[in-house]
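The structure appears below as C-alpha cells.
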Amino acid sequence: VQTPQIFKKSSLQDAFSKKIEDSLDFTDESQLLEAYGYKIKFFEGEPANKKLHTQATFIQCHLWIIGLGAG
C-alpha cells in the first residue's frame with residue numbers, strides 16, 4: 001500500500017479500542033478497519049511516489065532525484 005493512508009480519526013479510535021479488547025494483531029490500519037466492518041476504498045497509486053524504507057531505496061531515490069538513476 002502506498003503511503004499515505006487516510007482514515008477518519010473516529011474510525012481508527014473505535015477499531016483500536018476493539019482490537020485492544022479482543023487482543024488481536026493486525027499488520028496495518030487497513031486490515032484493522034476491515035476486520036471490524038469498515039469499508040476500505042482504493043485509489044490508483046502514483047509510480048513516482050517512491051517509498052523510502054531501506055538504505056538501498058534511499059540511495060536509489062537520491063540518485064533518481066539528481067538525475068543519475070533509472071527511477
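Below, each value reflects all heavy atoms present in this structure, side chains not excepted, and no hydrogens, waters or symmetry copies. Worth saying up front: this structure is predicted, and the values here are computed from it rather than measured.
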Item to check | From L33 atom CG to I40 atom CD1, the distance as rounded to the nearest 0.5 Å | outcome: 5.0 Å
Checklist entry - So how far is it from S17 OG to Y36 OH, rounded to the nearest 0.5 Å? => result 10.0 Å
Next on the checklist: Enumerate the salt bridge (Lys or Arg N to Asp or Glu O under 4.0 Å) contacts for residues 29-39, please, sequence neighbours excluded, ordered by first and then second residue.
Outcome noted: none
Item to check | Gap between atom CG of D14 and atom NZ of K8 - 0.5 Å precision | outcome: 12.5 Å
Next on the checklist: Rounded to the nearest 0.5 Å, what separates atom CZ in F7 from atom CG in L32?
Outcome noted: 8.5 Å
Next on the checklist: Going by salt bridge (charged side-chain N to carboxylate O under 4.0 Å, His left out), name the residues that satisfy it together with K19, two or more places apart in sequence or in a different chain.
Outcome noted: none
Checklist outcome for this item: Sorted by chain and residue number, the side-chain contact (heavy atoms from CB on, under 4.5 Å) partners of Q31 (sequence neighbours excluded) come out as F26, T27, D28
